[in-house]
Peer 1: 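Structure in structure tokens, see below.
Remember, predicted model here, so these are calculated numbers, not experimental data.
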Amino acid sequence: MRFFGSAGFRSANPQRRVYFGWWVSIAGAFNMVFSAGPTFQATSVLFKAIEDEFGWSRTLISGVATFGRLGTTLLGPLEGWLVDTFGSGRMVLIGFTLGGAGLIFFSQINGPVMCYLAFLLLSLGFSSGGFVPSLTAANAWMIRRRALGMSIVEGGVSVGGLMVPLIVWGISEHGWRPTVLVMGVLAILVGPLIAWVVGKRPTAEELATQVVPTGEGRRRRVRESSHDFTVKEALQTRAFWSISFTHMLVNLSTGGISAHLFLHLSDDNGVGLDVATASAIVPILVATAFVSQLLGGIAGDRWDKRMLVPFLALTQGVSLIVLAVAESFLMAAVFAVVWGIGFGARTPILLAMRGEYFGRRHFATIFALSSFPMSIGMMLTPVIVGWSHDVWKTYDWSLYVLAGFCVAASVTVLFATRPMTPEVRKRLEARRSLNR
């Protein structure tokens, strides 16, 4: 099993025309198609099917997502350490096996306890073998095009959303249990293939091909961190905390939308669309998000990421206001487009900032720690939004509050200036002491 994250599996031809990092990013995108689908894009659809069968309250149903994310939140820093220690390939293999087993278990539930435990298992599996190992692999390979490489990985989340109408069809024609069972079997089958690609580590020769040409400008050479921050060093920087809380604030709405969008679209006191029409909104959203993610990655590699995020966070906030006032398919489609632009473009930029600022060696652990506030927020938001709906019979007020958090995120990211390396900080302190 040397190819799962080992340095022993290497390309015989490091001068291949297509840099292998692009294949790693594409494999990471396929990872997200299968791992983010049941825990992000299709969550609201599955919850609707469960509501129809069991008649549970929105608070109880959305609590499933909260409970599932509880485990991934608490184990997030550990997952990052495991990826840094054992490699992305091994973690993908283990994670997809657990996630697939969780989906199969989920297809057999007969009550709340089984539902909660099954969702916890599939969430833990796809969390440990999904986003963090794929993103870490892309960060290790992609130097000159880090934001674009990460946008390709993140784009898999959007592509996975295109499967939602297929899942809706499967539920309508065959029932939600057989549909979820097939999803679990597919996850177990594709896991080893994805692990084989993302588990390969770049050699020094392969990384040397990513050296910035002199004619491309010295600006990029300055922007790329020459120091791999340790976890302790990263925690002592303002940029770490600014990025962490920015990502939390802007992703509170992401947690709420993933769990409740389909419910809001199909509610009589929401947008009021029928199930088939409501399911057509999701492909619009994910198609826009996918294109925006790629464009955001290109823009993030060219311009100051810290200046791009505020505009995109505000765009995401505006989309939530549009959704709150939507009463037709057209307005819902406008929400989908605006949300896709804001959410899609800003995501790879925020992700790439961590790699650009803190380096590659401890990326997974630093990323997992900086994502901890975001995970807490995304864990709590679905159940709070569900409780709010049960009390006021509407999602409108929740959407307005979540839009306000996006506005706050547009401010907090401005404090994420590039951190000084410990060596530079020591030199500055020495100069200050001499001037005294």
Peer 1: Taking only residues two or more places apart in sequence or in another chain, which ones pass salt bridge (charged side-chain N to carboxylate O under 4.0 Å, His left out) with Asp267?
Peer 2: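 Applying salt bridge (charged side-chain N to carboxylate O under 4.0 Å, His left out) to Asp267 gives Arg58.
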
Peer 1: Verify whether one side chain among Thr412 and Thr246 offers a donor that lies under 3.5 Å from an acceptor in the other.
Peer 2: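 The criterion, which ignores hydrogens and geometry beyond distance, is satisfied for Thr246 and Thr412.
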
Peer 1: Name all pairs fulfilling the side chain to side chain donor-acceptor pair (under 3.5 Å) condition that reach into residues 286-296, sequence neighbours left out, sorted by first residue then second.
Peer 2: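 Checked against side chain to side chain donor-acceptor pair (under 3.5 Å) - neighbours excluded - the pairs reaching residues 286-296 are Ser158-Gln293.
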
Peer 1: Return the set of residues passing ring-ring contact (aromatic ring centres under 6.0 Å, His included) with Tyr400 (not counting sequence neighbours), or none when no residue passes.
Peer 2: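 Here the qualifying residues are Trp397.
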
Peer 1: Residues in side chain to side chain contact (heavy atoms under 4.5 Å, CB included) with Ser253, at least two apart?
Peer 2: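 Listed in chain order: Gln316, Leu320, Trp339, Leu402, Cys406.
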
Peer 1: Please check: side-chain N/O of Tyr395 versus main-chain N/O of Leu261, any donor-acceptor pairing under 3.5 Å?
Peer 2: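 Absent.
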
Peer 1: For residues Leu103 and Leu121, determine if any side-chain heavy atom of one lies less than 4.5 Å from a side-chain heavy atom of the other.
Peer 2: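 No, every pair of side-chain atoms sits at 4.5 Å or beyond.
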
Peer 1: For Phe240, what residues pass the side chain to side chain contact (heavy atoms under 4.5 Å, CB included) criterion, not counting sequence neighbours?
Peer 2: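 With neighbours one apart ignored, the set is Ala234, Leu235, Thr237, Ser244, Phe358, Ile366, Leu369, Ser370.
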
Peer 1: If the condition is ring-ring contact (aromatic ring centres under 6.0 Å, His included), which residues does Phe290 pass it with, not counting sequence neighbours?
Peer 2: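 Phe290 satisfies ring-ring contact (aromatic ring centres under 6.0 Å, His included) with no other residue.
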
Peer 1: Search all heavy atoms of Leu60 against all heavy atoms of Tyr116 and return the closest pair with its distance.
Peer 2: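 Result for this residue pair: O-OH, 2.7 Å.
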
Peer 1: Would you call His247 and Leu351 a side-chain contact if the rule is heavy atoms closer than 4.5 Å?
Peer 2: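 Sidechains of Leu351 and His247: in contact.
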
Peer 1: Kindly compute the distance separating CG (Leu148) from CE (Met150), expressed to the nearest 0.5 Å.
Peer 2: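 Between Leu148 CG and Met150 CE, I get 11.5 Å after rounding to 0.5 Å.
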
Peer 1: Looking at every heavy atom in both Ala313 and Val250, which two are closest together, and how far apart are they?
Peer 2: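 Nearest pair, atom of Ala313 first, then Val250: CB-CG2, 4.2 Å.
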
Peer 1: Tell me, with the steps shown, if His389 and His260 meet side-chain contact (heavy atoms from CB on, under 4.5 Å).
Peer 2: CA-CA 10 Å; His389 180 275; His260 294 277; 5.9 Å; no

Peer 1: Side chains of Val309 and Ser410: closer than 4.5 Å at any heavy-atom pair?
Peer 2: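 With C-beta onward as the side chain, the pair stays apart.
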
Peer 1: Sequence neighbours excluded, which residues qualify as side-chain hydrogen bond (donor to acceptor under 3.5 Å, both in side chains) partners of Ser107?
Peer 2: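 side-chain hydrogen bond (donor to acceptor under 3.5 Å, both in side chains) list for Ser107, sorted by chain: empty.
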
Peer 1: Side chains of Thr136 and Ser88 only: does a donor on one sit below 3.5 Å from an acceptor on the other?
Peer 2: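 Not at all, the side chains of Thr136 and Ser88 share no donor-acceptor pair under 3.5 Å.
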
Peer 1: Under 6.0 Å between the ring centres of His362 and Phe229?
Peer 2: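 Centroid separation for His362 and Phe229: 6.0 Å or greater.
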
Peer 1: Write down the atom of Ala138, the atom of Ser25, and the distance for their closest heavy-atom approach.
Peer 2: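 Answer, listing the atom of Ala138 first, then Ser25: CB-OG, 3.9 Å.
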
Peer 1: Applying side-chain contact (heavy atoms from CB on, under 4.5 Å) to Phe335 and Leu285, what does each step give before you reach the verdict?
Peer 2: CA-CA 8 Å; Phe335 151 76; Leu285 185 153; 3.9 Å; yes

Peer 1: Does the side chain of Val411 reach to within under 4.5 Å of the side chain of Val407, using non-hydrogen atoms?
Peer 2: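 A side-chain contact is absent here, since even the closest heavy-atom pair is not under 4.5 Å.
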
Peer 1: What pair of heavy atoms forms the shortest contact from His264 to Leu399, and how long is it?
Peer 2: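 Residues His264 and Leu399, closest heavy atoms: NE2-CD1, 4.2 Å.
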
Peer 1: Mind checking what makes side-chain hydrogen bond (donor to acceptor under 3.5 Å, both in side chains) contact with Thr365, not counting sequence neighbours?
Peer 2: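 Result, side-chain hydrogen bond (donor to acceptor under 3.5 Å, both in side chains) vs Thr365: Asp84.
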
Peer 1: Taking side chain to side chain contact (heavy atoms under 4.5 Å, CB included) as the test, write out the residues that go with Val291, two or more places apart.
Peer 2: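 Side chain to side chain contact (heavy atoms under 4.5 Å, CB included) check on Val291 returns Leu295.
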
Peer 1: Are Val33 and Val190 close enough, and set up right, to give a side-chain contact (heavy atoms from CB on, under 4.5 Å), and what steps lead you there?
Peer 2: CA-CA 11 Å; Val33 169; Val190 303; over 6 Å; no

Peer 1: If every non-hydrogen atom of Leu93 is compared with every non-hydrogen atom of Ala195, which pair is closest and at what distance?
Peer 2: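 Reported closest heavy-atom pair: N-CB, 3.9 Å.
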
Peer 1: Over all heavy atoms of both residues, which pair between Gly99 and Leu122 is shortest? Give the atoms and the distance, please.
Peer 2: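 Heavy atoms of Gly99 and Leu122 come nearest at O-CB, 3.7 Å.
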
Peer 1: Leu312 versus Phe343: any side-chain heavy-atom pair under 4.5 Å?
Peer 2: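 Of all side-chain heavy-atom pairs linking Phe343 with Leu312, none is under 4.5 Å.
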
Peer 1: Can you tell me if Phe30 has over 12 outside heavy atoms packed within less than 6.0 Å of its CZ?
Peer 2: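 12 or below, so no.
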
Peer 1: Give the intermediate values and the outcome of side-chain contact (heavy atoms from CB on, under 4.5 Å) for residues Phe20 and Val197.
Peer 2: CA-CA 9 Å; Phe20 194 78; Val197 180; 4.2 Å; yes

Peer 1: About how many Å separate CG of Leu308 and CD1 of Ile349, when rounded to the nearest 0.5 Å?
Peer 2: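 That separation rounds to 4.5 Å.
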
Peer 1: Pairing donors with acceptors under 3.5 angstrom, does anything connect the side chains of Arg238 and Thr417?
Peer 2: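 Present: a donor and an acceptor within the cut-off.
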
Peer 1: Report yes if the side chains of Asn31 and Val198 come closer than 4.5 Å at any heavy-atom pair, otherwise no.
Peer 2: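 They are not in side-chain contact.
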
Peer 1: For Asn139, what residues pass the side-chain hydrogen bond (donor to acceptor under 3.5 Å, both in side chains) criterion, not counting sequence neighbours?
Peer 2: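 Testing Asn139 for side-chain hydrogen bond (donor to acceptor under 3.5 Å, both in side chains), a comparison that skips the adjacent residues, returns Arg146.
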
Peer 1: Looking at side-chain heavy atoms only, is the closest gap between Trp392 and Trp387 below 4.5 Å?
Peer 2: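 Trp392 reaches Trp387 side chain to side chain.
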
Peer 1: My understanding is that only residues two or more places apart in sequence, or in another chain, count here; which of them pass side-chain hydrogen bond (donor to acceptor under 3.5 Å, both in side chains) with Thr347?
Peer 2: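 Listed in chain order: nothing, the list is empty.
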
Peer 1: Go through the structure and list residues passing side chain to side chain contact (heavy atoms under 4.5 Å, CB included) with Gln108, not counting sequence neighbours.
Peer 2: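 Gln108: no side chain to side chain contact (heavy atoms under 4.5 Å, CB included) contacts found.
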
Peer 1: Flag the pair Met374 / Leu252 as yes when at least one side-chain heavy-atom distance between them is below 4.5 Å, and no otherwise.
Peer 2: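 No - every pair of side-chain heavy atoms lies 4.5 Å or more apart.
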
